[in-house]
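See below for the structure under consideration.
Along the sequence shown, residues are numbered consecutively beginning with 1. Since the structure is predicted, the reported quantities are computational estimates derived from the model, not experimental observations.
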Amino acid sequence: MGSTSKLSRRGLIKCGLASAALPVVSEVLGSPAPPPAQAKAETTFAAVPGEKGVQDVFGAYDVDPNWPQALSVLPGCEQWTWGSGEGVFAENPDRVFILQRGILPTVKRPKEIDLPQLGPSLTFPIGRLPYRDATAASPPGQLDGPNHGTENVDYRWQYCIVGVNAKGEIKETWPEWDSMLRRPHAIYINPYDKDKYVWLVDDYRQAIFKFTHDMKKLVLTIGTPNVMGADATHFSRPTYLAWLPDSTMFVADGYVGTRVAKFDKDGKFISDFGMKGNPPNETRPGYLNGVHGVAVDVPSGRVFVNDRYNHRVQVFDVNGKFLNMWKVGDPPSDVHCLHLAANDRHLWLFDRGTNKMIKYDLEGNFLYSFGTFGDFPGGFWGVHGMHVDQENNLYVAEVDNGRAQKYMPRKGANPAMVIGPGVKPVWS
């Protein structure tokens with residue numbers, strides 16, 4: 001018996017089957033099998049190190065599902081909700097501007113129905129998917145085209161600018177400016193401006209407006225309202241702004257334009273850079289299509305430009321000299337906005353096509369991403385504006401979901417996975 005067992009074991013080893021047969025052999029020989037070799041410890045990418053189980057659905061953040069409060073608290077808006085979320089800016093955690101394209105009627109989730117007229121086995125709505133695209137439902141629709149639906153029934157052009165506090169309570173509204181706006185796109189306060197003037201970009205008005213801090217007075221208009229162009233006094237649907245410490249301002253210009261325009265602290269045109277490329281496969285440096293984002297890294301004097309329709313980021317010096325570029329991915333990649341975290345000097349982008357927040361170092365190396373599609377609290381759909389306050393709270397405005405959201409860093413979160421604020425403002 002013993003001799004036969006030894007021969008059988010030697011035969012198994014010779015055939016390379018010893019590891020698979022070891023439990024059976026051990027049972028026959030009456031000796032315990034050695035434990036399997038321990039796998040090498042895996043590197044964890046969890047946003048909160050040491051946390052067991054779960055998953056980082058919302059990255060390093062918890063989401064405040066009640067921020068902001070419902071728009072229905074405003075007089076006359078009992079049956080209305082937020083429209084397409086265009087921009088968001090936190091002066092501080094207790095004063096946050098939300099920019100939207102009007103408001104929409106509140107609609108409960110429809111009961112699922114079959115749609116045989118469209119094709120076999122088609123139903124609407126589908127599972128957990130959203131049932132209304134706020135950017136399609138909100139005015140003004142296509143440039144110089146009709147709005148979607150009837151005013152005061154399918155939409156209202158009201159409350160385009162709203163101010164909320166840390167709890168999400170609506171504390172300020174500026175209805176006096178609604179009639180002046182056509183497609184408000186982004187809102188800012190220059191971090192180097194102690195007087196805290198408020199800047200608003202309206203891409204359909206082809207203009208940038210500067211208001212006093214209390215938003216009571218319009219003090220400057222850059223561009224020629226309602227007239228498209230590409231020179232010192234005209235824009236082609238401008239989108240976003242960024243500043244240098246001396247308040248030199250860079251304008252991403254824009255949806256139609258193919259340049260970045262540069263202005264001094266008084267709004268006087270200095271210069272521009274960028275040439276018209278051939279989307280979506282343009283590879284030549286300095287050729288732009290869809291200038292939909294701009295950010296400045298002050299220490300290195302680099303200007304980062306979202307070359308949206310060419311699916312890449314291009315990097316220039318402050319005078320427009322090309323320095324670098326990298327691709328953000330083939331379609332469906334569709335980067336909407338970018339944010340430069342000033343303390344650790346990393347670039348964060350939101351990709352509408354993949355519903356991801358993406359982190360790069362300043363040389364374009366991919367480091368991390370998070371985000372999931374959905375209209376539930378914390379889900380992303382069409383983040384068009386983003387900002388981070390002095391307490392590292394992240395705010396987003398979503399064109400498709402029709403809302404703004406607030407994300408708060410989770411306790412113990414890895415700082416490398418938290419989106420840091422931009423340049424520290426002079427007033428904080």
Which one of Arg403, Glu398, Arg101, Arg183 satisfies the side chain to side chain donor-acceptor pair (under 3.5 Å) criterion with Ser84? Arg101
Check the orientation of Phe380 and Phe370. Use parallel for under 30°, tilted for 30 to 60°, and perpendicular for over 60°. tilted
Rounding to 0.5 Å, atoms CD (Glu51) and NZ (Lys411) come to a distance of 12.0 Å
Check: Asp307/Gln314 side-chain N/O donor and acceptor closer than 3.5 Å: yes
So Val291 and Arg259, do their side chains get closer than 4.5 Å, heavy atoms only? no
Regarding Asp114 and Thr123, is there a side-chain donor-to-acceptor distance under 3.5 Å anywhere? no
Tell me whether Asn414 contacts the main-chain N or O of Ala416 through its side chain, where contact means a donor paired with an acceptor under 3.5 Å. yes
Report the relative orientation of the aromatic rings in Phe316 and Phe322; use parallel for angles under 30°, tilted for 30 to 60°, perpendicular for over 60°. perpendicular
Check step by step if side-chain hydrogen bond (donor to acceptor under 3.5 Å, both in side chains) holds for Ser333 and Asp351. CA-CA 6 Å; Ser333 176; Asp351 191 325; 2.8 Å; yes
Carefully, step by step, assess Trp381 and Phe373 under the rule ring pair (Phe, Tyr, Trp, His ring centres under 6.0 Å). CA-CA 6 Å; Trp381 189 25; Phe373 171 70; 5.8 Å; yes
Kindly determine whether Asp375 and Asn401 satisfy side-chain hydrogen bond (donor to acceptor under 3.5 Å, both in side chains), including the steps that lead there. CA-CA 6 Å; Asp375 61 357; Asn401 267 329; over 6 Å; no
Does any non-hydrogen side-chain atom of Val423 lie less than 4.5 Å from one of Tyr192? yes
Are Trp80 and Gln158 side-chain neighbours, meaning at least one heavy-atom pair lies under 4.5 Å? no
Is it possible for you to check whether Lys359 lies under 6.0 Å from the centre of the six-membered ring of Tyr368, through NZ or CZ, and within 45° of that ring's axis? no
Report, as yes or no, whether the 6.0 Å neighbourhood of atom CZ on Arg128 holds more than 12 heavy atoms from other residues, nucleotides or ligands. no
Ignoring hydrogens and angles, state whether a donor on the side chain of Tyr159 or Asp178 is under 3.5 Å from an acceptor on the partner side chain. no
Classify the ring geometry of His384 against His185: parallel below 30°, tilted from 30° to 60°, perpendicular beyond 60°. perpendicular
Which value, rounded to the nearest 0.5 Å, describes the distance between Trp174 atom CH2 and Leu181 atom CG? 12.5 Å
Which heavy atom of Phe304 sits nearest a heavy atom of Leu347, and at what distance? CD2-CD2, 4.0 Å
Under 4.5 Å between any side-chain heavy atoms of Tyr131 and Phe124, yes or no? yes
Report the distance from atom OH of Tyr197 to atom CG of Asp214, rounding to the nearest 0.5 Å. 10.0 Å
Do Arg345 and Pro299 have side chains that get closer than 4.5 Å, going by heavy atoms? yes
Using a 3.5 Å distance criterion without hydrogens, assess whether the side chain of Asp253 forms a donor-acceptor pair with backbone atoms of Ser236. yes
Taking atom types as modelled and ignoring hydrogens, do the side chains of Asn165 and Asp94 form a donor-acceptor contact shorter than 3.5 angstrom? no
Stepwise side-chain hydrogen bond (donor to acceptor under 3.5 Å, both in side chains) test for Asn190 and Asp193: CA-CA 5 Å; Asn190 171 4; Asp193 175 20; 5.3 Å; no
